[in-house]
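Worksheet: the structure to be examined is printed underneath.
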Amino acid sequence: MIFGEFQTAEAEGAVLAHSVRLSDGSFSKGHKLDRSDIDRLIAAGIDRVIAARIEPGDLMEDEAAEQLARAIAPDHLTFSEAATGRVNIHSAVDGLFVANRAAVDRLNSVDPAITLACLADHVPVRSGDMVATFKIIPLAVSGAKVAAGVDILRQTTVFEVKPFQPHAVSLVATELPSLKTTVMDKTARILSQRLQVAGSALQREERVAHRANTVAEAICRALEAPDRLPKLVIVFGASAVIDTGDVIPAAIRLAGGEVIQVGMPVDPGNLLVLGRVGDVHVVGAPGCARSPKENGFDWVLDRILAGEQPTSRDICGMGVGGLLMEIQSRPRPRDIAAKPAVLISVAVVLLAAGKASRMGEGGAHKLLAEFDGIPLVRRSALTAMASGGSAVVTVMGHRRDDIERALGDLAVERVYNPDYASGMASSLVAGVGTRAAQKADGVLVMLADMPGVTGGDLKTMIAAFRKANGQAIVRAVSGGKRGNPVILPRSVLNAVMRLEGDVGARHIIETSGLPVIDVEIGEAAHLDVDTPEAVVAAGGVLKG
């Protein structure tokens, strides 16, 4: 490929590197110029263009990205259509993403024009999560280089998603006078929550004395229990393991098994024990696994539930990245005991701070447009109040005084976002950071420019959130296609508070690891009025 500035008269067959605007239309980036295009450009007084001339053997960016993506085994993966030299790859299942770093590095070393970015090795993913992306940097790339990349992808598994396999899990918990029964009950509940994410269930629990022989007998009973699913035995000791001869490792050996590893270089999680009796793994859980926070136990559990056979070498290789205590890379489910649905509170954050830039210079503000004689922002606030939420917080910015007047005497909390011009994230942070939002079990984020959303729609969404015990994300959809509003549980609010720029909560929703419940509300989920034409089409009357 030859890239540079060409005289327009000599650019036939070249591919534009940048879009070109004409009085009667435009040519987009990537457009291949033909003779009639050249004539139009010359007539418009454009005598030079920046473009790429494709040479024999070159592949255009989309074709190159497609060839690379087609070299990946499609098992448990879905692929987007190539666009602007990019193919995105998503998981089709709940499972464990596994990457071969050496192979990824080898592919990325073929040519700087060819790139592959993916998630870190051995991270859990949900169905629909994006796990990797191919991106071709220039408009075209050498076909020989692409072929070399395809060879690498076909010779080895560069990355894959291993689906979680349902297991029948038995819990053996040891007792000492110093360990409260309530702690043991909480341990079983948190373990059940961990297993549910991976599609497994706690089938049985047995509590025994903290002695090697009694634990060994309980392990054997768990192994003998009839079940059609693969088995897994997890032992929570009332006292921490400090030696390979301690109670849990000794019990594994007394049960006829082998101890694979005692201890791991992950903190919290150091005191884990991994063993096997026959083909069934026995895991001695560290004390930190009584908490829902991420720890080394999660790393080993995920591998086993994905069908892997962790070795001593695998565990010894977890030290880099194994310091987890201060890591808050993603929101994690909290341990919240079930409580009556009526006690699960939802605060509504109404975003009304945007500049309404698509309304045109000096144009009318969309939120002041009247629907049935009521300013849209007031109408949206009334809808939010009709939801039955614990509070309504309205975030204001652009034309604050006008928005205040439109809200009038409504009993809604008003928050001013002085940084509203930076984008949606600052308004989300302003609303979610209020006391009303922080003390709620969930926050319903509502855009003030969606006239079709009703109080009934919001009530239906809140009911779904309460039915999930406040432990799911609830999203409005239209015909199955995601839209707005959305309810975010308390467990992801810290992640929201770290957002920056003109972004919403979509990435948090996709990476939270929480269930996402879609609530069908029809066209209202997609109807926002960003332009004067949209306001009028939706039945509004433009005002000042």
Side-chain angles (χ1 to χ4, degrees), residues 331 336 339 341-354 367 376-396 407 410-415 417 424-425 427-478 482-497 499 503-506 508-510 512 514-522 524-528:
I336 299 178
K339 60 181 180 180
V342 293
L343 298 182
I344 296 175
S345 59
V346 177
V348 181
V349 170
L350 182 66
L351 300 183
L367 297 185
L376 178 54
V377 66
R378 183 180 180 89
R379 174 190 173 108
S380 296
L382 288 168
T383 298
M385 294 171 68
S387 70
S390 58
V392 177
V393 178
T394 302
V395 182
M396 302 175 296
L407 291 173
L410 294 184
V412 298
E413 181 177 349
R414 296 118 193 262
V415 176
N417 171 24
M424 182 182 291
S427 293
L428 274 170
V429 171
V432 168
T434 60
R435 178 175 173 79
Q438 287 291 313
K439 71 179 185 180
D441 295 301
V443 174
L444 189 155
V445 180
M446 178 179 173
L447 307 181
D449 65 350
M450 300 187 73
V453 176
T454 67
D457 294 333
L458 302 186
K459 286 181 178 179
T460 301
M461 294 179 68
I462 291 174
F465 182 74
R466 288 172 171 161
K467 186 176 180 180
N469 194 38
Q471 296 300 292
I473 292 167
V474 178
R475 180 174 60 193
V477 299
S478 175
R482 62 190 171 207
N484 284 295
V486 63
I487 301 178
L488 304 173
R490 182 186 295 171
S491 60
V492 306
L493 297 189
N494 285 340
V496 173
M497 295 298 292
L499 290 174
V503 298
R506 178 176 172 181
I508 293 172
I509 293 170
E510 293 176 346
S512 69
L514 293 173
V516 177
I517 299 172
D518 288 337
V519 174
E520 178 66 48
I521 68 169
H526 295 157
L527 178 61
D528 54 1

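Excluded from the calculations below are hydrogen atoms, water molecules and symmetry mates; all remaining heavy atoms, backbone and side chain alike, are included.
The shortest distance between side-chain heavy atoms of Leu514 and Val492 falls below 4.5 Å. Ile509 is not listed as a side-chain neighbour of Arg482, based on a closest heavy-atom distance of 4.5 Å or more. Using a 4.5 Å cut-off on side-chain heavy atoms (C-beta onward), Leu458 and Val453 make contact. Considering only heavy atoms from C-beta on, Leu410 stays 4.5 Å or farther from Val392 through its side chain. Annotation: side chain of Ile521 is in contact with side chain of Pro485 (closest heavy-atom distance under 4.5 Å). The shortest side-chain heavy-atom distance between Pro489 and Ile473 falls under the 4.5 Å cut-off.
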Margin query: For a side chain to side chain contact (heavy atoms under 4.5 Å, CB included) check, start with the C-alpha distance between Val346 and Met461, then their side-chain angles and the critical distance, and finish with the verdict.
Written below: CA-CA 10 Å; Val346 177; Met461 294 179 68; over 6 Å; no
Notebook entry, point to check: side chain to side chain donor-acceptor pair (under 3.5 Å) between Asp457 and Thr454: does it pass, once the steps are laid out?
Noted result: CA-CA 5 Å; Asp457 294 333; Thr454 67; 3.2 Å; yes
Next item on the list: Test side chain to side chain contact (heavy atoms under 4.5 Å, CB included) on Leu488 and Val496 and set out the steps.
Entry: CA-CA 9 Å; Leu488 304 173; Val496 173; 3.9 Å; yes
Next item on the list: Determine, step by step, whether Ile487 and Arg466 satisfy the side chain to side chain contact (heavy atoms under 4.5 Å, CB included) criterion, reporting the C-alpha distance in whole Å, the side-chain angles of both residues, the deciding distance to 0.1 Å, and the verdict.
Entry: CA-CA 11 Å; Ile487 301 178; Arg466 288 172 171 161; over 6 Å; no
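Proximity of a side-chain donor or acceptor of Ser387 to a complementary backbone N or O of Ala384 within less than 3.5 Å is detected. Without hydrogens or angle criteria, Gln438 side chain to Val432 main chain gives a donor-acceptor distance under 3.5 Å. In this structure, Thr394 contributes its side chain and Arg414 its backbone to no donor-acceptor pair below 3.5 Å. Although no hydrogens or angles enter the test, the distance criterion places a donor-acceptor pair under 3.5 Å between the side chain of Asp441 and the main chain of Ser345. Of the possible donor and acceptor atoms, one in the side chain of Arg378 sits under 3.5 Å from a partner among the backbone N and O of Leu407.
The two residues Ala505 and Leu428 have their closest heavy-atom pair at N-CD1, 4.2 Å. Nearest heavy-atom pair, Ala448 versus Leu350, reported as atom, atom and distance to 0.1 Å: CA-CD1, 3.7 Å. Residues Val395 and Ala430 share a closest heavy-atom pair of CG1-CB, 4.2 Å. Annotation for Ser427 and Ala353: closest pair OG-CB, 3.4 Å, computed over non-hydrogen atoms. Of all non-hydrogen atoms in Ile344 and Gly470, the two that sit nearest each other are CD1-N, 3.9 Å. The two residues Ile517 and Ala472 make their nearest non-hydrogen contact at CD1-CB, 3.8 Å.
Taken to the nearest 0.5 Å, the CG atom of Leu527 stands 7.0 Å off from the CE atom of Met450. Here CG of Leu367 is found 7.0 Å from OG of Ser380. Values are rounded to the nearest 0.5 Å.
Annotation: salt bridge (charged side-chain N to carboxylate O under 4.0 Å, His left out) contacts of Asp518 (sequence neighbours excluded): Arg475.
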